[in-house]
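Notes for the one structure printed next.
Quick note: numbers below take in every heavy atom, side chains included, and nothing from hydrogens, waters or symmetry partners.
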Amino acid sequence: MERLIVIGGVAAGLSAASAAKKLKKDSMDVTVFEKTGYVSYGACSEPYYISGIVPNPDDLIEVTPEDLEKKRKMHVFRRHEVVKVEYDKGMLDVLDIDRGVVSTHPFDYLVITTGAIAKRLGVKGEGMNGICTLRTVEDATKIKASASSAEQVAICGGGYIGLEMAEAFRHMGKEVTVLKKTAQMLMNFDPKMSSIVEEEVRSKGVKIITGVDILSFEGDNRVQQVITSEGAIPAQTVLISKGAVPNTSLALSFGVKTGKTGAIEVDLHQKTNLDRVYAAGDCAEAHHLILDGPAYIPLGTTANKTGRVAGENIGGLDTGFWGIVGTGVSKIFDLEVARTGLSLDEAQKNGLDAYATTITHGSRSGHYPGGSPLYVHLVTQSGTRKLLGAQIVGREGAALRINTLAAALHAGMSVDDLYHLDMGYAPPFAPVWDAVLIAANKARKG
C-alpha cells in the first residue's frame, strides 16, 4: 500500500488527495493534515459570512470531514501541523495542536499545499486585540466578533479583499475607513478603471484616504485608533489587507526549491525538485501564459486545478497544468469588477510595447429597460495587435464577459480576431454590437 500525505486541507490539498485516491482506491492510503480547525471551505465566501449573508461558518464547508473519511476513504486530521519532514527517511513529524503531542508518519508521496500567509505591516501595536488579517475561517470568526462590538472599522489596504470587506462592514452598519499607501485603490487595474470602483465605494459611505502611511496602532486592551501620516483614525477593529506571501518555510526546511517569485517552483505536473514531492495552490508558482514565465497570483481557481493535477499524476495519469492568465472577478458593492491578462503598466514593465484603449457601452440594448454602462479596457501589443489583457467594470455583465477575454488570451488572439467573434445577442443581455466587440474594434484601430 502506497502512502500519500497531503500537508494542507483546503482547496489544493483536498483536490490532490481526492484525485489520487479516486485513481488508486485500493492501493493508496491518503492522509491529510490541516493546521486549522476547518477543511474544504470556500475562503472567497468569508466576507459574506462576516457580513451575515452567509449565516454560519459551517456553511462555508464544501465537503465535511465525515464525508471525506467515509465517502472518499481518506484520513483527515484537523488542528494537526506538520512540523518536520525527513525527506531522505520518508518520515515526517506532526504536532497535535490541542494535545501538544508529536507523532511520526511515513510517506511515499508528499503534496505541499501550505497556502499563503497574510502580509503584516510591522509597526508598533500591531499585535493588540482587534487587529486582524483574513485567511482562515477562524480569522473570519474573529473579525466578525470584533466588528460586532465596534462602531468604527479601519481597513489597511485597497485590493479585492479590502474593498469586499468594506462592503461587509458597511452591511454590518459600521463606519468604515480605507487607508491606502498609494494614490490608487486596485493597483492591478488601470487608474481610470480603479477610479470608477473608488467612486462606487465612496458613494456607499466609505471614507477612503490615499497616499497615507500607517505608523502605529494605539489602545489599551483593544485597538482604539490607527496613527497615520495624516493623523489619527478612530477604529476598534482593524483589518490588515496588504496581500499575501507564499508559506514556504516548511518546504525550504527539507530542500524544496523556490523560484524567482518566492513561491515553490514546480513543473508542468506540479512536481518540485524532489522526487515524489509535489506542490500546489497558494504556496506554488504558476506559469503565466502571456509572460511565458513563472508568476505568483494566488487564486482559488488555480489552487483547485493545480491540486487536481498533482493528485492525478500521483495517481498514475500524465496530466499537465498549462498555466494561467491571471483572471479575477470581484463584487464590490453594486459593481462587478473583472480583469484578465496584463494591465498596461504590467505589460510595459515586462518590456512589451503596448497600448491601452477604453470604451463605455451599454450592457443591454438601448430600448430594453434596466441596462447600465459597461467600461471595457483592453491592453494590446503594438504591431501584432495581440490581446495582452482586459478589464471590465459595470453593474451587470462584467464578471461573465471577462471569460470571453480570458479565452481569447488562452487562444493567443489578436484584437482583430476578437472583433470577429460570433457573440450572442438578445436585447435583455447585450446590444447587437456587444461591448467586447466595440472595445476590440477601437483597439484594432490603435
Side-chain angles (χ1 to χ4, degrees), residues 186 188-197 287-292 295 297 301 322-330 335-368 370-446:
L186 297 166
N188 56 349
F189 278 73
D190 175 83
K192 181 179 179 180
M193 302 295 277
S194 179
S195 69
I196 297 167
V197 180
H287 183 76
H288 199 292
L289 294 171
I290 309 301
L291 297 175
D292 193 25
I297 306 175
T301 49
W322 303 111
I324 61 170
V325 292
T327 307
V329 297
S330 179
L335 287 182
E336 298 177 14
V337 180
R339 63 152 283 159
T340 190
L342 305 177
S343 68
L344 181 61
D345 183 61
E346 290 167 340
Q348 291 174 342
K349 284 181 177 177
N350 282 279
L352 295 170
D353 184 8
Y355 62 93
T357 50
T358 306
I359 63 100
T360 305
H361 199 56
S363 62
R364 307 180 187 183
S365 287
H367 57 265
Y368 192 92
S372 58
L374 277 172
Y375 304 89
V376 184
H377 178 85
L378 300 185
V379 179
T380 307
Q381 188 170 24
S382 300
T384 65
R385 295 209 291 266
K386 181 180 178 181
L387 183 68
L388 298 177
Q391 301 162 23
I392 310 180
V393 174
R395 298 192 182 279
E396 65 171 11
L400 293 181
R401 276 180 172 87
I402 205 69
N403 289 335
T404 298
L405 294 156
L409 289 172
H410 276 267
M413 287 185 178
S414 68
V415 290
D416 302 272
D417 298 324
L418 185 62
Y419 171 71
H420 289 291
L421 285 182
D422 182 15
M423 295 184 68
Y425 159 65
F429 309 114
V432 67
W433 284 96
D434 189 88
V436 168
L437 302 180
I438 296 294
N441 188 41
K442 182 175 182 179
R444 72 192 185 115
K445 295 175 181 178

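Of all the heavy atoms in Gly326 and Ile297, the pair that sits closest is CA-CD1, 4.0 Å. Scanning all heavy atoms of the two residues, the minimum distance from Leu418 to Leu437 falls at O-CD2, 3.4 Å. Across every non-hydrogen atom of Leu344 and Ala356, the tightest pair is CD2-CB, 3.9 Å. Taking both residues in full, the closest heavy atoms of Ala439 and Thr357 are given as O-OG1, 4.3 Å, listed atom of the first, atom of the second, then distance. Across all non-hydrogen atoms, the minimal contact from Ala430 to Gly424 is CB-O, 4.2 Å. The two residues Leu289 and Trp322 make their nearest non-hydrogen contact at CD2-O, 3.4 Å.
One N or O on the side chain of Lys442 and one on the backbone of Thr358 form a donor-acceptor pair closer than 3.5 Å. Panel note: side chain Asp417, backbone Ser414; a donor-acceptor pair is recorded below 3.5 Å. Formation of a donor-acceptor pair under 3.5 Å by the Ser365 side chain with backbone atoms of His367 is not found in this model. Of the possible donor and acceptor atoms, none in the side chain of Gln381 sits under 3.5 Å from a partner among the backbone N and O of Ala354. Of the possible polar contacts, none joining the Ser194 side chain to the Pro191 backbone as a donor-acceptor pair under 3.5 Å is found.
Taking the side chain as every heavy atom from C-beta outward, Met423 and Val436 approach each other to under 4.5 Å. Counting heavy atoms from C-beta on, the side chains of Glu346 and Asn188 come closer than 4.5 Å. Contact of the Ile438 side chain with the Asn441 side chain is not registered, since no non-hydrogen atoms from C-beta on lie closer than 4.5 Å. Between Val329 and Ile402, some side-chain heavy-atom pair lies under the 4.5 Å cut-off. Residues Leu388 and Leu378 form no side-chain contact, since every pair of their non-hydrogen atoms from C-beta on lies 4.5 Å or further apart.
To the nearest 0.5 Å, atom CD1 of residue Ile392 and atom OG1 of residue Thr340 are 9.5 Å apart. Taken to the nearest 0.5 Å, the NE2 atom of His410 stands 11.5 Å off from the CG atom of Leu387. Here the OG-CD distance, from Ser343 to Gln348, works out to 8.5 Å after rounding to the nearest 0.5 Å. Rounded to the nearest 0.5 angstrom, Ile359 CD1 and Leu374 CG are separated by 7.5 Å. Taken from OG1 in Thr384 to CG in Leu352, the straight-line distance is 9.0 Å, to the nearest 0.5 Å. Gln391 CD to Arg339 CZ: the interatomic distance, rounded to the nearest 0.5 Å, is 6.0 Å.
The environment of CG in Leu421 is crowded: more than 12 heavy-atom neighbours from other residues, nucleotides or ligands sit within 6.0 Å. Dense packing is recorded around OH of Tyr355, with more than 12 heavy atoms of other residues, nucleotides or ligands lying under 6.0 Å away.
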Verdict with supporting geometry, Leu342 and His288, side-chain contact (heavy atoms from CB on, under 4.5 Å): CA-CA 10 Å; Leu342 305 177; His288 199 292; 3.8 Å; yes
Pair Leu335-Arg395, side-chain contact (heavy atoms from CB on, under 4.5 Å): steps then yes or no: CA-CA 5 Å; Leu335 287 182; Arg395 298 192 182 279; 3.9 Å; yes
Working for side chain to side chain donor-acceptor pair (under 3.5 Å), residues Asp434 and His361: CA-CA 8 Å; Asp434 189 88; His361 199 56; over 6 Å; no
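Remark: Arg364 engages Glu396 in a salt bridge (charged side-chain N to carboxylate O under 4.0 Å, His left out) (not counting sequence neighbours). Tyr375 meets the ring-ring contact (aromatic ring centres under 6.0 Å, His included) test with no other residue; sequence neighbours excluded.
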